[in-house]
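Below: one structure, written as structure tokens.
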Amino acid sequence: MKIFKFGGASVKDYKAVINVGEILRLHQDEELVVVVSAMGKTTNALEAIIASFSKGNPSETEKLILELKDFHHTIIQGLGLNQTSDLLNEITPIFDWLKDKCKGEFGDYDFEYDQIISLGEVLSTKIINNYLQNENFKSTWVDARKLIRTNNRWREGRVDWELSENLIQAEINSVFENGNRIAVTQGFIGHEEEGYTTTLGREGSDFTAAIFAYCLNANDVTIWKDVPGMLNADPKYFDNTVLLEKISFKEAIELAYFGASVIHPKTIQPLKRKKIPLYIKSFINPREEGTVIQESLAFDDNIPSFIFKMNQTLISLTPRDFSFIVEENLERIFGYLNTQKIRVNLMQNSAVSFSFVVDHSKINLEKLVDFFQEDYLVKYNSSLELVTIRHYDEPTIDRVTIGKDVMLEQKSRHTARMVLKDLD
Ligand code: ASP
Ligand code: MG
């Protein structure tokens with residue numbers, strides 16, 4: 001059994017869905033669990049609907065829902081499925097539910113978020129499964145909300161592996177025993193104890209693929225992307241990128257941790273535990289080899305990798321009483337960051353100051369300053385770049401620091417990290 005994952009870009013319009021069908025045709029002799037994200041930018045569109053609903057803006061909300069409905073109907077039409085009443089009978093109630101929901105009371109933000117945001121994956125998998133059946137694939141739709149059990153930390157559900165394993169095995173085994181060859185299911189979504197929908201965090205569909213692989217002891221996982229595989233840098237920021245043909249789980253975890261955005265950071269751990277190889281391949285050139293992430297460390301230091309995080313803010317806290325940055329101060333600082341769900345990209349401390357780097361767009365700086373300023377002198381610096389180089393040497397460092405001021409630097413044996421500011 002193999003697990004395939006198709007992200008939003010690989011199903012962004014009807015032609016992309018047809019392409020997914022063509023890739024699946026190349027693997028007809030396999031049992032496949034196909035994990036799919038919401039189509040194109042649907043998750044962002046749903047976020048806009050949630051924001052509008054939360055602000056009590058009914059006409060705007062309704063307009064946004066109609067746009068999303070049109071977007072999906074255009075795809076359905078392009079696939080020639082608009083005459084298939086069973087698909088429309090499934091899609092229409094989803095939009096009706098959403099419209100009704102948005103006319104009601106808005107409750108807890110994160111709870112409402114999960115109940116609504118999850119519809120993107122439900123819609124995409126309904127359409128894709130119907131298309132595959134229409135193309136005579138032995139495909140069936142599986143509801144991941146019933147199979148992946150998490151706690152009720154909305155928007156960041158933590159997986160209960162044992163319960164999920166039982167649920168997934170029972171369902172998927174019966175799907176294949178009934179003569180199906182393909183199970184189409186949703187990335188990103190699950191349920192909590194009471195049955196409410198939870199999500200695994202933005203871009204969490206890769207992780208879903210890994211959860212299915214782990215629970216089913218799959219042979220391998222393939223993530224189909226719009227890039228040829230894992231590159232040694234993001235081509236947006238770097239010329240002459242090189243394909244990493246083969247790297248270890250350990251290296252991939254490091255790269256994902258430092259912010260390489262090709263795979264979701266949580267994806268590797270479950271695969272590593274069971275030594276299930278992960279392929280990253282191009283959905284544009286599906287016959288190319290791409291990257292394989294596997295157990296052996298032998299190939300890791302062949303090529304230096306560069307990870308760029310833009311729009312970073314460096315924040316420094318100095319206790320006003322000049323107390324040392326030890327357990328008590330750290331506990332306060334991390335306590336706040338944890339309750340605000342703020343991810344720290346890099347941190348460093350001296351005797352009396354603690355500095356950390358965060359994504360500017362993911363924090364409320366004013367609120368943060370407000371919270372700390374009574375007890376700490378708070379300094380910050382925005383519009384910075386955080387660059388990580390794995391398997392660095394001096395020329396690679398020179399290459400990224402040219403024309404920049406290095407505000408903070410950390411080096412270990414394999415990794416150099418620098419916070420940079422443009423010199424201008
Ligand atoms: N659709 C979700 C998102 O855009 C999950 C995913 O694509 O992995 O974040
Ligand atoms: Mg995506």
Side-chain angles (χ1 to χ4, degrees), residues 3-13 16-17 19-20 33-51 64-65 67-69 71-72 75 91 94 98 109-110 112-129 141-145 147-148 150 153-159 164 184-191 197-214 221-227 230 252 256 259-271 278-281 283 341 343 359 361-362:
I3 315 292
F4 280 5
K5 183 262 176 172
F6 291 95
S10 66
V11 291
K12 69 176 194 306
D13 54 26
V17 176
N19 183 53
V20 167
V33 176
V34 178
V35 174
V36 191
S37 296
M39 294 174 141
K41 302 269 176 252
T42 296
T43 306
N44 292 351
L46 284 163
E47 280 188 346
I49 289 169
I50 296 160
L64 293 172
I65 295 175
E67 280 171 19
L68 191 64
K69 189 171 174 181
F71 169 75
H72 284 90
I75 295 178
I91 298 289
I94 297 173
L98 180 58
Y109 198 100
D110 291 349
E112 299 289 10
Y113 180 98
D114 277 359
Q115 308 320 302
I116 294 174
I117 207 82
S118 48
L119 298 182
E121 270 68 11
V122 177
L123 289 165
S124 75
T125 50
K126 293 265 184 199
I127 295 170
I128 288 158
N129 182 55
W141 186 82
V142 169
D143 193 342
R145 287 171 299 187
L147 305 186
I148 294 184
T150 70
R153 186 167 162 118
W154 312 113
R155 303 180 70 167
E156 269 185 74
R158 204 163 277 212
V159 175
S164 301
V184 175
T185 195
Q186 308 77 40
F188 179 53
I189 64 180
H191 71 285
T197 301
T198 54
T199 58
L200 305 174
R202 284 298 309 261
E203 305 300 327
S205 297
D206 293 351
F207 183 38
T208 301
I211 297 170
F212 273 92
Y214 180 92
V221 177
T222 305
I223 297 182
W224 297 92
K225 305 266 316 177
D226 55 0
V227 287
M230 209 149 164
S261 57
V262 179
I263 30 173
H264 188 277
K266 289 187 189 158
T267 310
I268 308 292
Q269 204 76 51
L271 301 178
L278 170 62
Y279 293 90
I280 300 171
K281 288 181 182 244
F283 61 71
K341 297 185 181 166
R343 290 265 145 74
D359 289 307
S361 64
K362 295 199 184 126

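Whatever order the structure lists them in is the order used to number ligands and atoms, beginning at 1. These numbers come from a predicted model, not from an experiment.
For Gly7, the closest heavy-atom approach to ligand 1 does not fall below 4.0 Å.
The residue His264 has no part lying near ligand 1, judged by heavy-atom distances below 4.0 Å. For Ser205, heavy-atom contacts with ligand 1 shorter than 4.0 Å involve the backbone as well as the side chain.
Ring planes of His264 and Phe207: parallel class, angle under 30° (limits at 30 and 60°).
Listed by chain and number, the residues in a side-chain contact (heavy atoms from CB on, under 4.5 Å) with Lys362 are Asp359 (sequence neighbours excluded). Every residue meeting the side chain to side chain donor-acceptor pair (under 3.5 Å) condition with Gln186, not counting sequence neighbours, appears here in chain and number order: Thr125.
Of all the atoms in ligand 1, the ones that sit under 4.0 Å from a non-hydrogen atom of Arg202 are 3 (C), 4 (O), 9 (O). Annotation for ligand 1: atoms under 4.0 Å from non-hydrogen atoms of Ser37 are 6 (C), 7 (O), 8 (O). Ligand 1 places these atoms under 4.0 Å from at least one heavy atom of Phe188: 2 (C), 5 (C). Of all atoms in ligand 1, listed by their number and element, those nearer than 4.0 Å to a heavy atom of Thr43 are 1 (N), 2 (C), 3 (C), 4 (O). Remark: ligand 1 atoms within the under-4.0 Å shell around heavy atoms of Glu121 are 1 (N), 2 (C), 5 (C).
For Lys12, the NZ atom is loosely surrounded, since the number of other residues' heavy atoms within 6.0 Å does not exceed 12. Around atom NZ of Lys69, more than 12 heavy atoms belonging to other residues, nucleotides or ligands sit under 6.0 Å away.
In this structure, the separation between NZ on Lys266 and CD on Glu156 is 6.0 Å, given to the nearest 0.5 Å.
Note: no N/O pair closer than 3.5 Å links Asp206 and ligand 1 by distance alone. Ligand 1 has a nitrogen or oxygen under 3.5 angstrom from a nitrogen or oxygen of Gly204.
In this structure, Tyr113 has its ring center at least 6.0 angstrom away from the ring center of Trp154.
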